[in-house]
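Attaching a single structure in C-alpha cells format; questions to follow.
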Amino acid sequence: MSKMSPRPRRAGLLSSEALDRSRVLDTLVNNLQGMAYRCLNDQHWKMIFVSEGARELCGYGSAELVEGRAATWEELTWPEDRQRVRAVIQESVRSGRRFGVQYRIRTASGELRWVHERGVAVADEQGEIVVEGFIEDISAQRATLEALEQAELRYRHIFEHASEGIFQTTADGRYLAANPALARIYGYDSAAELVRDLSDIGHRLYVDPGRREQFHRLMASQGEVVNFEAEVYRRDGLRIWISENAHLVRGPQGEFLCYEGTVQDISERRHYQQQLERQANHDQLTGLPNRVLLGDRLEQGILRARRLGFYMTLVFIDLDNFKFINDSLGHASGDELLKEIAQRLQGCLRASDTVARLGGDEFVVLLNDHYRVSTVITVLRTLLQEIARPVNLLGRDFQVGGSLGVALYPNDGDDAQTLLKHADVAMYAAKERGRNTFQFFTSALNRVAEERLSFETAMRQALERGEFSVHYQPKVDHRRKIVGVEALARWFDPQLGSVGPDRFIPIAEETGLIGALTLQVMREAFDAARQWNRGRSVPLRMAVNLSPRLFLSGEIVMQVAQLLQEIGLPPEQVELEITETVFLEDSARAVTILKQFKELGVALAMDDFGTGYSSLGYLRHYPLDIIKLDRSLVTDLEREEEVAMIARAAISLGKSLRKTVVAEGVENAAQFDFLRYQGCDEFQGYLLSRPVPRATLSQLLEAGGDYFPVTADDTDPSV
Ligand code: C2E
Ligand code: CA
Ligand code: CA
C-alpha cells in the first residue's frame, strides 16, 4: 500500500505531500477519542463513513455502522432526543452554518451515553448534501456537572431554608450576601432588601459601635469569632441580642475576601437568663437586691474602700411600727408599706450605693465613697427623714419610724460578717435610745454625730439671727493700688467662739445651709461694694466665693441676678470665685452655668489654682476671666526653687491664655516682687492687708488710702 511505502525525503515533493496528508489525516481521525463521520441527510442518518472511534463510542465497529448494516444513527439516538437533534441539524443544513448539539445515545450493549456532536452540512463530490462531523462521549463531564448542580442546589437549599441567619460581609461593613433567615432576624422583608439597605454595620447594627471594633480585632488576631454576643438594632429600632459565629475568608493569594458566618437570635435566652439572675439576686416584693447580692456588693465595697482609702458604711434599718401596721391593717397594707419605704430609701442614695431587703422589715443600706464621717451623718439624717414621712395606707396617713445601726469600714471591722454583726448590734442600741434615731457601733462616732448635730443647730440659729458677718480682704495691682476685695464669711458664736470658714463651710455644704449663707454674704458684700464705689472713678471689684454644689444647683444664676438688681450693683463690679471641682462631675453642665453667668455680666475666677486634678484642659475652653494662684504656690517661693518654678509656669500659662492672674497669700515683699516680675496682675495677702471688717475698710478708703504702704522691711524699688 502506498501509505506504507518508504519515501525519499525530497524527491516528488508534491505527490508525496499529498500522500502524507491523507495518511496523517487517517491516523488522526482514527486515533481521536470520538467518532468522525459522514452521513446522508436522510431519515436514518445513514453513515457513509465512520472512523474507528465508533466502537468505543457506541459499541459498533465502522463496518457495522456504514450503510446502517447493524444499526442506523437514527436508531442509536435516544428516542426522546431525536426530534431536537434533527431540528438542530436541519437548521444547519438550511443556513450552511456549523452546528453543535448534545444528546443521548444507546450503545450496542444498551447503555445510555451523553454525546456532543459538532458538524456541518456540505455538498459531496456528486453535489448531494451530506453531513460531516465529529461525535464524542461527554457522559463523564455531564455527570460531574450534574453532581455540581446537585450540590449547588443542596447548598442553596440549606442557605435559603436555614433557621440561622447566614451572611457574607465586607470589611467596611456592607453585605455581600444574606439569607432569608437573617432578613427575618433583622426585621427585613427579604434578604435582597437587607443587602440593599443595611450598609455601615458598625453604626447601624450594633447598639455599641465598639462591638464591631472588637469583631474586627478578633478576626484580625484569630481569623474567627465564636459565640460572639452583641446587642443589635432591628430595622424597626427594636433591640435584640444575637450570637455570631464567623470566620475570615481569604482568596488564593491570601488576600481578604470577606467575612462569612451565621447569626442566631438569642434575645429570648438572654431575657430568660436575666430574669433568672434577677430572681436569684432580688427580693420579689420590693425588687431590691436581696441578701445574696448584698453580700456581693459588700465584698466589692470593702475592696473599693480599701483601695481608695474611703469609708464604706453599712446601715441596718429596722422599721419601728411595722409589726403594728402589719397586724392591724393586714399583709397587703404591710407589703404596700415596705414597697413605699424601699422606694424612698432608694431615692436618697447615689447610683454607687445599695439598698437591700433582708426580709421582714429589715433593710440594709450600703454607702460607698465617703471620706468624711460628717457626710455619712448627713445621709443618715436624710434616711430617717424619709422613713418618718407619713405613709398613706387604706386612705389614712401613718407614721413609721426607723432605727438605724451603723458600722463603718475600716473602723468597725474589716470583713463583711463582722460589719453586719456590728451594724446589727448598733441597730439594737438605736432601738433602745428611742424611735427614729441612728447609732454608730463605735461610741466615739456617736459623740461626733452629737457634736455635729449641735454644731448644725447652732449654725441654723446663727443664720436665722443673722450672726454671720463678712470680712473683706483687699487685692492690689502691681503699684499696690487697691483694685478689688474678696468677701470672706465670718462666724462668732457666743459658746463656740470664733469659728473659721474652713470648719463651717463644708458642713454648710453638706446640710444645704450653704445657699442661705451665701445669699447673706452676697447681700452684705454687694451692699458694701455699692457704698465704696459711689463716686469712685475706677470701681472696686467685689469677689464672692461660690461653693461647687451651690454653683451646680443652677438656681444661683437667677438669685445673683435678682440680688444685683435689688441692691443696684452693676454686674461688672462682681467676681464669682469657683474651684475646679465644679468640672469634676458634670463639666457640660458647669460650662452651661458659666455661660449664663457671663451673659449676666459678672466676671468668673478660678480659685485655688494649682491644687486640683488638672490645670490645663478646662482653662482653655471654659469662659473664665481670672486665675487665682493658690497660696501653696506662693508660700515659701522665695526659699524653695521648686515652688518658684511652679508659680512661674502657672503665671506664664495664665498669661498665655490671656487671663488676669491673681496671687493669693502674699506675705512678704520677696514674694510680691517675684510674682510681679513674673507678670502677675493682682496680689492678695497679709503683706497688704488681712481680711478686715467693712467699717475698717470704709475708713481706709475714705481717708484716700488706695495705695497700701511700703513697710519697714519692704524693699520694693518702684514705689
Ligand atoms: P479662699 O477662697 O482661698 O480664701 C482665702 C483664704 O486665705 C482666707 O481664709 C484668707 O483669710 C486667707 N488668707 C488671705 N491672705 C493670706 C495670707 O497672706 N496668708 C495666709 N496664711 N492666709 C491668707 P478664710 O477666710 O479662713 O477662708 C477659708 C476658705 O473658706 C476660703 O478660701 C473659701 O474657700 C472659704 N470661704 C470663706 N468664705 C466663704 C463664703 O462666703 N462662701 C464660700 N462658699 N466659701 C467661703
Ligand atoms: Ca476665694
Ligand atoms: Ca483661694
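As a basis for the values below, the full set of heavy atoms in this structure was taken, side chains included, without hydrogen atoms, waters or symmetry mates. Whatever order the structure lists ligands and atoms in, that order sets their numbers, starting from 1.
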Practice task
Measuring from the Ca ion (ligand 3), name the closest N, O or S atom belonging to Asp607.
Solution key: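 Considering only N, O and S atoms, Asp607 comes nearest to the Ca ion (ligand 3) through OD1.
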Exercise for the section: Before signing off on this row, confirm whether Tyr686 and ligand 1 have an N or O atom pair separated by under 3.5 Å. Expected result: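 Yes, since at least one N or O of Tyr686 sits under 3.5 Å from an N or O of ligand 1.
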Exercise for the section: Side-chain contact test, heavy atoms from C-beta onward, threshold under 4.5 Å: evaluate it for Phe441 versus Asn411 and give yes or no. Expected result: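 A side-chain contact under 4.5 Å is absent here.
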Practice task
Please report the C-alpha distance between Val634 and Leu675 in whole Å, then the side-chain angles of each, then the deciding distance to 0.1 Å, and finally whether the side chain to side chain contact (heavy atoms under 4.5 Å, CB included) criterion is met.
Solution key: CA-CA 8 Å; Val634 175; Leu675 293 163; 4.1 Å; yes
Handout entry: Whether Asp608 has an N, O or S atom under 3.0 Å from the Ca ion (ligand 3)
Key =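 Yes, Asp608 qualifies, because one of its backbone or side-chain N, O or S atoms lies under 3.0 Å.
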Problem - Residues Glu486 and Gln473: side-chain donor-acceptor under 3.5 angstrom - result: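 Note: Glu486 and Gln473 side chains miss the donor-acceptor criterion.
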Problem - Residues Arg460 and Glu456 bridged, charged N to O under 4.0 Å - result: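 Salt bridge between Arg460 and Glu456, a charged N being under 4.0 Å from a carboxylate O: yes.
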Exercise for the section: Give the single entry among His471, Arg503, Arg631 that approaches atom 12 (C) of ligand 1 most closely by any heavy atom. Expected result: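 Ranked by closest heavy atom to atom 12 (C) of ligand 1, first place is Arg631.
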Handout entry: Protein contact to atom 29 (C) of ligand 1 [nearest heavy atom, distance to 0.1 Å]
Key =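 Checked against all protein heavy atoms, atom 29 (C) of ligand 1 sits closest to Asp502 OD1, 3.5 Å.
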Problem - Per-atom contact, atom 26 (O) of ligand 1, protein heavy atoms, under 4.0 angstrom - result: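 For atom 26 (O) of ligand 1 the answer is yes, since some protein heavy atom falls inside 4.0 Å.
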Handout entry: Element-labelled atoms of ligand 1 that are located less than 4.0 Å from some non-hydrogen atom of Gly685
Key =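 This gives 15 (N), 18 (O) as the contact atoms.
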Handout entry: Exercise check, heavy-atom protein proximity under 4.0 Å to atom 34 (O) of ligand 1
Key =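 No.
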Problem - Heavy atom of the protein closest to atom 43 (C) of ligand 1 (residue, atom name, distance) - result: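 The answer is Asn545 CB, 3.5 Å.
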Practice task
Give the intermediate values and the outcome of side chain to side chain contact (heavy atoms under 4.5 Å, CB included) for residues Val661 and Phe609.
Solution key: CA-CA 10 Å; Val661 180; Phe609 181 76; over 6 Å; no
Exercise for the section: Taking atom types as modelled, find out whether Thr354 and Arg297 have a side-chain donor-acceptor pair closer than 3.5 angstrom. Expected result: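 Distance-only check passes for Thr354 and Arg297.
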Practice task
Please work out whether any backbone atom (N, CA, C, O) or any side-chain heavy atom from C-beta onward of Asp608 is under 4.0 Å from ligand 1, and answer side chain, backbone, both or neither.
Solution key: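 Near ligand 1, Asp608 shows its side chain, while the N, CA, C and O stay back.
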Exercise for the section: Distance to 0.1 Å, residue and atom name: give those for the protein heavy atom nearest to atom 38 (N) of ligand 1. Expected result: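 Result: Ala489 N, 3.1 Å.
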Practice task
Would you indicate whether Arg490, at its atom CZ, is surrounded by more than 12 heavy atoms from other residues, nucleotides or ligands within a distance under 6.0 Å?
Solution key: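 Counting other residues, nucleotides and ligands, CZ of Arg490 exceeds 12 neighbours.
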Exercise for the section: Consider every N or O of Pro691 and every N or O of ligand 1, then say whether any pair is closer than 3.5 Å. Expected result: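 Not met; the criterion fails.
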Handout entry: Single hit among Ile578, Ile626, Leu594 for side-chain contact (heavy atoms from CB on, under 4.5 Å) with Leu604
Key =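 Per the side-chain contact (heavy atoms from CB on, under 4.5 Å) rule, the option paired with Leu604 is Leu594, out of Ile578, Ile626, Leu594.
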Problem - Which of the ligand 1 atoms, numbered from 1, are nearer than 4.0 Å to a heavy atom of Glu486 - result: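 It comes down to these atoms of ligand 1: 2 (O), 4 (O).
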Handout entry: Asp607, any N or O under 3.5 Å of ligand 1 N or O
Key =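 By distance alone, the answer is yes.
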Exercise for the section: Return the residue, atom name and 0.1 Å-rounded distance of the protein heavy atom closest to atom 8 (C) of ligand 1. Expected result: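 Looking at atom 8 (C) of ligand 1, the protein heavy atom closest to it is Leu488 CD1, 3.9 Å.
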Exercise for the section: In plain terms, say whether Arg447 and Glu451 are close enough for a salt bridge, that is, a side-chain N and a carboxylate O under 4.0 Å apart. Expected result: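 No, this pair does not count.
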Exercise for the section: Check the side chains of Ser374 and Arg372 for a donor-acceptor pair under 3.5 angstrom, ignoring hydrogens and angles. Expected result: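 The criterion, which ignores hydrogens and geometry beyond distance, is satisfied for Ser374 and Arg372.
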Problem - Contact with ligand 1 for Arg490, non-hydrogen, under 4.0 angstrom - result: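 In this structure, Arg490 qualifies as a contact of ligand 1 - some heavy atom is under 4.0 Å.
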Practice task
Taking the Ca ion (ligand 2) as the vertex, measure the angle between atom OE2 in Glu486 and atom OE1 in Glu577; round to 10°.
Solution key: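 Result: 90°, to 10°.
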Handout entry: Arg523 with Glu566: basic N within carboxylate O range, under 4.0 Å
Key =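 Counted as a salt bridge, because a side-chain N and a carboxylate O are separated by less than 4.0 Å.
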Handout entry: Sub-4.0 Å heavy-atom contact, Gln684 with ligand 1
Key =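 Heavy atoms of Gln684 never come under 4.0 Å of ligand 1.
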Exercise for the section: Of all the heavy-atom pairs spanning Val406 and Asp412, show the shortest one and how long it is. Expected result: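 Heavy atoms of Val406 and Asp412 come nearest at O-OD2, 4.0 Å.
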Problem - Location of contacts on Val521 toward ligand 1, heavy atoms closer than 4.0 Å - result: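 Within the 4.0 Å criterion, Val521 contacts ligand 1 through side-chain atoms alone.
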Problem - Identity and distance of the protein heavy atom lying nearest atom 30 (O) of ligand 1 - result: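 For atom 30 (O) of ligand 1, the nearest protein heavy atom is Pro501 CB, 3.5 Å.
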Practice task
Please state whether the separation between the Ca ion (ligand 3) and some N/O/S atom of Glu664 is under 3.0 Å?
Solution key: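 Given the 3.0 Å cut-off, Glu664 counts as a ligand of the Ca ion (ligand 3).
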Handout entry: Enclosure of Arg350 CZ (heavy-atom neighbours >12, cutoff 6.0 Å)
Key =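 Enclosed: over 12 neighbouring heavy atoms sit under 6.0 Å from CZ of Arg350.
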Practice task
Please state whether Gly500 comes within less than 4.0 angstrom of ligand 1, counting heavy atoms only.
Solution key: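 Flag not set, Gly500 not near ligand 1.
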Practice task
Answer yes or no on whether Arg452 is positioned over the face of Phe455, meaning its NZ or CZ is under 6.0 Å from the six-membered ring centre and within 45° of the axis.
Solution key: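 No, Arg452 and Phe455 do not form such a contact.
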Exercise for the section: Measure the distances from the heavy atoms of Lys628 to every atom of ligand 1 and state whether one is below 4.0 angstrom. Expected result: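 No heavy atom of Lys628 comes that close to ligand 1.
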Problem - Identity of the nearest option to atom 15 (N) of ligand 1, non-hydrogen atoms only, from Glu667, Gln473, Glu577, Glu664 - result: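 Closest candidate by heavy-atom distance is Gln473.
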Exercise for the section: Using a 4.0 Å heavy-atom cut-off, say whether Arg690 meets ligand 1 through its side chain, its backbone, both or neither. Expected result: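 No part of Arg690 is near ligand 1 at this cut-off.
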Practice task
Under 4.0 Å, heavy atoms only, figure out whether ligand 1 is touched by the backbone of Ile505, its side chain, both or neither.
Solution key: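 Just the side chain.
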Exercise for the section: Please indicate whether Lys595 has more than 12 foreign heavy atoms, meaning atoms of other residues, nucleotides or ligands, lying under 6.0 Å from its NZ. Expected result: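 No, the 6.0 Å shell around NZ holds no more than 12 heavy atoms from other groups.
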